[in-house]
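First up is the structure itself, then whatever we jot down about it.
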Amino acid sequence: MRLSQMFGKTLRSEPAEAESVSHRLMLKAGMVYQVSAGVYSYMPLAWRVLRNIEQIIREEMDAAGGQEVRMPVLQPLELWEASGRSAAFGDTLFKLKDRRQRPLCLAPTHEEVITQMAKQHIHSYKDLPRLPYQIQTKLRDEARPRAGLMRVREFDMKDLYSMDLDQAGLDVSYDKMVQAYKNIYKRCGLPALAVEADSGAIGGKDSHEFILIAESGEDRVVRCQGCGFAANLERASGVKPPLEKEDPLPLEEVSTPGIHTIKGLADYLDVPEAKTLKAVFYSADGQVVFVTLRGDLEVNEVKLKNLLRAADLRLATDEEVKAAGLVAGSASPIGITDLKRVADDSIELGSNFVVGANKPDTHFKNANYPRDFRIDVMADIAEVKEGQGCPQCGKPLSIARGIEVGHVFKLGTFFSEVFGAYYLDAQGKQQPIVMGCYGIGVGRLMAAAMEQNHDDKGIIWPVPIAPYQVHICALSMDKPDVQSAADQLYSTLQGEGLEVLYDDRDESPGVKFNDADLLGMPVRLTVSPRNLKSGSVEFTERVTMETRMVPLDGVVAEVKSILANSN
RNA sequence: CGGGGUGUGGCGCAGCCUGGUAGCGCGCGUCGUUCGGGACGACGAGGCCCCGGGUUCGAAUCCCGGCACCCCGACCA
């Protein structure tokens with residue numbers, strides 16, 4: 001591609017719009033055009049990268065036994081009502097009506113349809129396993145699109161759906177996919193980490209996310225340096241620091257005027273925060289729930305939501321709290337009987353706690369469970385804190401932000417049972433197909449690759465996904481010898497099957513170098529009067545920015561060897 | 001959905017408070033000089049000032065109402 005002919009150009013000034021690195025680089029490089037919040041057009045450079053990533057994914061899926069299919073974006077809403085996911089997705093599902101007023105939706109993913117396809121085409125144990133997959137556009141009306149391509153409303157995604165005889169078969173498919181994903185990330189230059197993930201309301205037993213550790217990430221990951229344990233904060237557990245067990249003392253009422261926070265309470269009574277119990281009120285599907293846990297810990301809402309099997313969980317409003325007869329700031333489980341009471345197991349890791357007295361400006365000292373109060377459900381519902389012990393080896397845990405670049409689930413038989421996708425086993429008995437699903441966002445992968453591979457000058461494309469492998473910088477294009485040498489080099493490299501971006505513009509060297517740095521092709525070849533005097537071109541690797549002179553007749557071999565080694 | 005912010009040539013911004021013919025830098029076009037890290041000069045093109053209403057002799061500017069986009073949070077298979 002001659003740069004002088006390319007649709008799209010780079011910007012000199014920093015786009016004000018963009019915050020995250022990948023978003024800024026994409027805009028500055030002229031790779032994307034934003035049509036609306038979370039909706040983008042891809043210019044040629046971005047599209048080439050996306051196609052490269054797609055191809056890598058396709059190759060790995062095929063190698064793992066996948067078979068590519070295509071499914072509709074436009075789907076009848078009733079399909080989603082049948083699975084219950086119209087409600088589960090809520091406003092995230094784009095809904096519309098056709099001319100006959102029939103309700104339709106734009107598919108955010110495709111389990112419903114693929115399961116129906118399975119019902120139609122899989123009848124016997126001999127028809128299993130099957131691993132159909134799709135790479136296509138999905139639509140989600142995200143509450144808040146953000147960070148360029150990181151979270152968008154229209155995006156290309158690969159989803160593979162595994163269909164197996166039984167749990168053991170699912171385990172095999174799952175492991176295959178995990179391996180395929182690792183291959184994909186490696187080829188895209190992404191050191192992604194497999195972490196245990198929350199499987200959501202419908203998910204089955206196992207679920208893993210692949211996370212790229214990055215400051216700009218939306219997710220938080222808990223990691224153990226000792227044994228390698230890693231999990232999404234949403235589902236991670238840590239060893240909560242125990243307190244010394246004391247003999248229970250008698251409950252004692254104390255006046256705490258104007259004290260409404262755990263910190264204030266701990267300071268006022270001169271006890272550690274861990275020696276208090278806090279109360280938090282939630283509304284779970286409209287019901288107020290009383291939640292208590294040790295004062296030094298916070299509620300993990302995902303764990304709580306899963307525990308309560310709630311579709312909708314949020315903090316209760318002041319009105320709801322008041323209506324339930326609770327005294328915010330001085331609440332405790334003592335004497336609460338008409339609400340569902342949930343406690344974190346940390347309330348057993350200690351004794352003689354300070355708790356609210358359920359009347360204003362008053363607390364109790366020396367509260368002990370179960371002597372002084374009852375609860376309905378006790379479980380681990382606390383958020384892991386940095387430094388807590390690893391649940392597997394006890395070493396301290398650390399927390400980092402990360403970008404979710406893939407998610408795999410063992411779905412089980414939820415969808416096959418909803419849609420009646422059964423097969424007959426060897427005994428002639430009807431069995432539900434056991435399913436899994438495995439998603440990876442193509443655009444997010446590109447953005448993640450940029451977050452991971454850049455410097456202050458621009459993008460550093462990993463070789464396998466780079467839009468072009470070679471960037472020819474021709475300085476002084478008006479000099480006939482430069483032009484003919486560069487033209488020649490361009491066609492020679494192309495003749496060798498290499499993808500080449502040729503900066504043939506009449507621009508100053510500074511402009512060309514800066515654009516080359518920004519656009520980030522792995523290999524740069526600088527053709528200039530100076531270099532040509534010695535019959536050479538200057539060879540620069542974008543990753544290291546190391547340069548060396550290479551004779552014209554040795555360029556092809558040099559380029560090929562560098563690209564081969566970087567793969 | 002809560003909180004904050006911004007809408008003025010392609011990009012980055014000033015002007016608004018205190019109403020009076022819309023400005024700067026970059027980019028873009030032509031010509032000339034330049035040519036190894038975002039060159040220089042001359043001339044030039046390009047703007048429904050987000051939209052609608054109101055106030056006023058007169059609105060980018062003041063008032064009211066919308067909309068869009070960005071950021072934080074909520075949300076997120």
Side-chain angles (χ1 to χ4, degrees), chain A residues 8-20 23-24 27-28 30 33-39 83 85 88-93 108-112 138 140-148 150-153 155 157 159 161 197-204 206-209 216 218-219 232 234-235 301-302 305-306 311-315 317 404 406-412 414-415 435-441 444 457-458 473-479 482 505-518 524 526-533 537-538 540 545 547:
Chain A
K9 46 176 52 181
T10 59
L11 297 176
R12 285 216 187 180
S13 43
E14 295 293 325
E17 189 104 311
E19 198 85 349
S20 71
H23 192 197
R24 193 167 50 73
L27 290 174
K28 193 164 188 210
Y33 173 81
Q34 182 171 358
V35 175
S36 163
V39 180
S83 67
R85 292 213 300 176
F89 269 93
D91 288 339
T92 304
L93 187 64
T109 175
H110 290 75
E111 283 81 3
E112 279 76 0
K138 310 216 171 192
R140 296 181 188 177
D141 195 357
E142 293 289 348
R144 183 152 94 85
R146 72 180 97 192
M150 280 304 173
R151 180 163 292 280
V152 289
R153 297 194 294 173
F155 56 100
M157 183 165 164
D159 251 328
Y161 306 94
D198 176 53
S199 49
I202 296 167
D206 282 329
S207 173
H208 285 85
E209 281 171 343
S216 59
E218 293 181 288
D219 286 87
N232 192 306
E234 290 178 345
R235 66 155 282 162
E301 294 188 3
V302 174
K305 189 172 174 180
N306 289 343
D312 179 53
L313 180 79
R314 56 173 171 78
L315 282 171
T317 61
E404 179 188 344
H407 201 158
V408 297
F409 289 88
K410 291 185 180 173
L411 293 172
F414 177 84
F415 289 98
M435 296 175 59
C437 76
Y438 314 85
I440 193 166
R444 187 181 281 187
K457 303 289 276 179
C473 263
L475 307 185
S476 305
M477 275 300 283
D478 57 327
K479 301 246 166 54
V482 169
R505 298 171 304 170
D506 181 21
E507 288 287 356
S508 70
V511 170
K512 293 195 174 204
F513 287 139
N514 277 291
D515 276 347
D517 291 342
L518 173 63
R524 178 191 316 172
T526 306
V527 181
S528 73
R530 201 172 82 186
N531 298 343
L532 285 178
K533 270 185 206 147
V537 297
E538 189 177 84
T540 307
M545 287 305 256
T547 69

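Chain naming here is simple, since letters A, B, ... match the order of the sequence lines and numbering starts at 1 in each. Note that the structure is a prediction, hence the values are computed from the model and not measured.
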What is the distance from NZ of Lys479(A) to C1' of rC35(B), rounded to the nearest Å?
7 Å

Phosphate-side-chain proximity, Gln34(A) and rA68(B), N/O vs OP1/OP2 below 4.0 Å
no

If I pick the C1' atom on rG73(B) and the same atom on rG27(B), what distance separates them, to the nearest angstrom?
38 Å

Proximity to the side chain of His407(A) - top-ranked nucleotide from rC69(B), rA77(B), rC76(B):
rA77(B)

By side chain to side chain donor-acceptor pair (under 3.5 Å) - contacts of Asp159(A) (at least two apart)
Thr109(A), Lys138(A), Tyr161(A)

Short heteroatom pairs, N/O only, protein and nucleotides 37-39 of chain B, under 3.5 Å:
residue: rG37(B); atom: N1; partner: Asp517(A); partner atom: OD2; Å: 3.0
residue: rG37(B); atom: N2; partner: Lys457(A); partner atom: NZ; Å: 3.3
residue: rG37(B); atom: N2; partner: Asn514(A); partner atom: OD1; Å: 3.4
residue: rG37(B); atom: N2; partner: Asp517(A); partner atom: OD2; Å: 2.1
residue: rG38(B); atom: O4'; partner: Asn514(A); partner atom: ND2; Å: 3.3
residue: rG38(B); atom: O2'; partner: Arg12(A); partner atom: NH1; Å: 3.1
residue: rG38(B); atom: N2; partner: Asp515(A); partner atom: OD1; Å: 3.4
residue: rA39(B); atom: OP2; partner: Ser508(A); partner atom: OG; Å: 3.1

As a test of reading the structure: which of rC13(B), rG36(B), rA77(B) is closest to the side chain of Arg140(A), going by heavy atoms?
rA77(B)

Under a 3.5 Å cut-off for both contacts, is rG47(B) paired Watson-Crick or G-U wobble with anything, and if yes, with which nucleotide?
none

Nearest-angstrom distance, C1' atom, rA39(B) to rG47(B)
29 Å

What's the CZ-C1' distance between Arg24(A) and rC71(B), to the nearest Å?
16 Å

Are any non-hydrogen side-chain atoms of Arg146(A) and Glu19(A) less than 4.5 angstrom apart?
no

Within this structure, what is the OH-to-P distance between Tyr33(A) and rC11(B), rounded to whole angstrom?
8 Å

Which part of the nucleic acid, if any, lies within reach of Glu209(A) when heavy atoms closer than 4.0 Å are counted: base, sugar-phosphate only, or nothing?
nothing

Atom-to-atom span, CD of Glu17(A) to C1' of rG10(B) - whole angstrom
14 Å

Please name the pair of heavy atoms, one in Phe414(A) and one in Ser83(A), separated by the smallest distance, quoted to 0.1 Å.
CZ-O, 3.5 Å

Residues at least two apart in sequence or cross-chain that pass ring pair (Phe, Tyr, Trp, His ring centres under 6.0 Å) with His23(A), listed by chain then number, are none

Phe89(A): which residues meet the ring pair (Phe, Tyr, Trp, His ring centres under 6.0 Å) condition with it, sequence neighbours left out?
Trp80(A)

How long is the line joining CE of Met150(A) and C1' of rC70(B), in whole Å?
17 Å

So what does Thr109(A) hit on the nucleic acid, given a heavy-atom distance under 4.0 Å: a base, only sugar-phosphate, or nothing?
nothing

Indicate for each nucleotide in nucleotides 2-8 of chain B, in 5' to 3' sequence, whether protein heavy atoms under 4.0 Å reach the base (B), only the sugar-phosphate (S), or nothing (-).
-------

Return the set of residues passing side chain to side chain donor-acceptor pair (under 3.5 Å) with Thr547(A) (not counting sequence neighbours), or none when no residue passes.
none

How close or far is atom P of rC76(B) from atom CZ of Arg235(A), stated in whole angstroms?
17 Å

Name the closest nucleotide to the Phe415(A) side chain, picking from rA77(B), rC35(B), rA74(B).
rA77(B)

Tell me whether the OP1 or OP2 atom of rC75(B) has a side-chain N or O from Thr92(A) closer than 4.0 Å.
no

Minimum heavy-atom separation for Glu17(A) to Gln34(A), with atom names?
OE2-OE1, 3.4 Å

Quick check: do Asn531(A) and Thr526(A) have side-chain heavy atoms less than 4.5 Å from each other?
yes

What residues form a side chain to side chain donor-acceptor pair (under 3.5 Å) with Ser20(A), not counting sequence neighbours?
none

Given the C1' atoms of rC62(B) and rU56(B), what is the spacing between them in whole Å?
10 Å

rU61(B) and rG19(B): how far apart are their C1' atoms, nearest whole angstrom?
6 Å

How far apart are the closest heavy atoms of Val482(A) and Ser476(A), and which atoms are they?
CB-O, 3.5 Å

Once salt bridge (charged side-chain N to carboxylate O under 4.0 Å, His left out) is applied, do any residues pair with Glu507(A), and if so which ones, sequence neighbours excluded?
none

Taking the C1' atom in each of rG32(B) and rG46(B), what is the distance between them to the nearest angstrom?
24 Å

Output all residues satisfying salt bridge (charged side-chain N to carboxylate O under 4.0 Å, His left out) with Arg524(A), sequence neighbours left out; order by chain, then residue number.
Asp517(A)

Excluding sequence neighbours, so at least two apart, what forms salt bridge (charged side-chain N to carboxylate O under 4.0 Å, His left out) with Arg505(A)?
Asp503(A), Asp515(A)

If we take the P atom in both rC17(B) and rA59(B), what is their distance in whole Å?
14 Å

Rounded to whole Å, CD of Glu14(A) lies from P of rC70(B) at a distance of 18 Å

Mark yes or no for a side-chain to base donor-acceptor pair under 3.5 Å between Asp91(A) and rC1(B), with no hydrogen or angle criteria applied.
no

Report the residue (Met477(A) or Gly148(A)) whose heavy-atom-nearest nucleotide on RNA chain B is the more 5′ of the two.
Met477(A)

Answer for the Watson-Crick or wobble partner of rA68(B), both distances under 3.5 Å, is rU6(B)

The side chain of Asp478(A) is closest to which nucleotide in this list: rA77(B), rC35(B), rC69(B)?
rC35(B)

Tell me: OH of Tyr438(A) to C1' of rA77(B), nearest whole Å?
13 Å

Counting the atoms with a prime plus P, OP1 and OP2 as sugar-phosphate, which does Ala147(A) contact under 4.0 Å by heavy atoms, base, sugar-phosphate, or nothing?
sugar-phosphate

Which whole number of Å gives the distance between the C1' atom of rC49(B) and that of rG3(B)?
28 Å

Does the structure show a Watson-Crick or G-U wobble partner for rG27(B), both distances under 3.5 Å? Name it, or say none.
none

With a 3.5 angstrom cut-off on both distances, give the Watson-Crick or G-U wobble partner of rA77(B), or none if there isn't one.
none

Which part of the nucleic acid, if any, lies within reach of Glu538(A) when heavy atoms closer than 4.0 Å are counted: base, sugar-phosphate only, or nothing?
base

On a whole-Å scale, what distance lies between the P atoms belonging to rC11(B) and rC69(B)?
16 Å

Kindly write out the residues that satisfy salt bridge (charged side-chain N to carboxylate O under 4.0 Å, His left out) with Lys28(A), not counting sequence neighbours, or none if the list is empty.
Glu14(A)

For Leu27(A) and Pro15(A), which heavy atoms make the closest approach, and how far apart are they?
CB-CG, 3.6 Å

Ignoring the backbone of Ala37(A), work out which of rC70(B), rG73(B), rC28(B) is nearest its side chain.
rC70(B)

Please enumerate all protein N or O atoms sitting under 3.5 Å from an N or O of nucleotides 45-50 of chain B, with distances to 0.1 Å.
none

Partner of rC35(B) under the Watson-Crick or G-U wobble criteria, both distances under 3.5 Å, comes out as none

Answer for the Watson-Crick or wobble partner of rC57(B), both distances under 3.5 Å, is rG20(B)

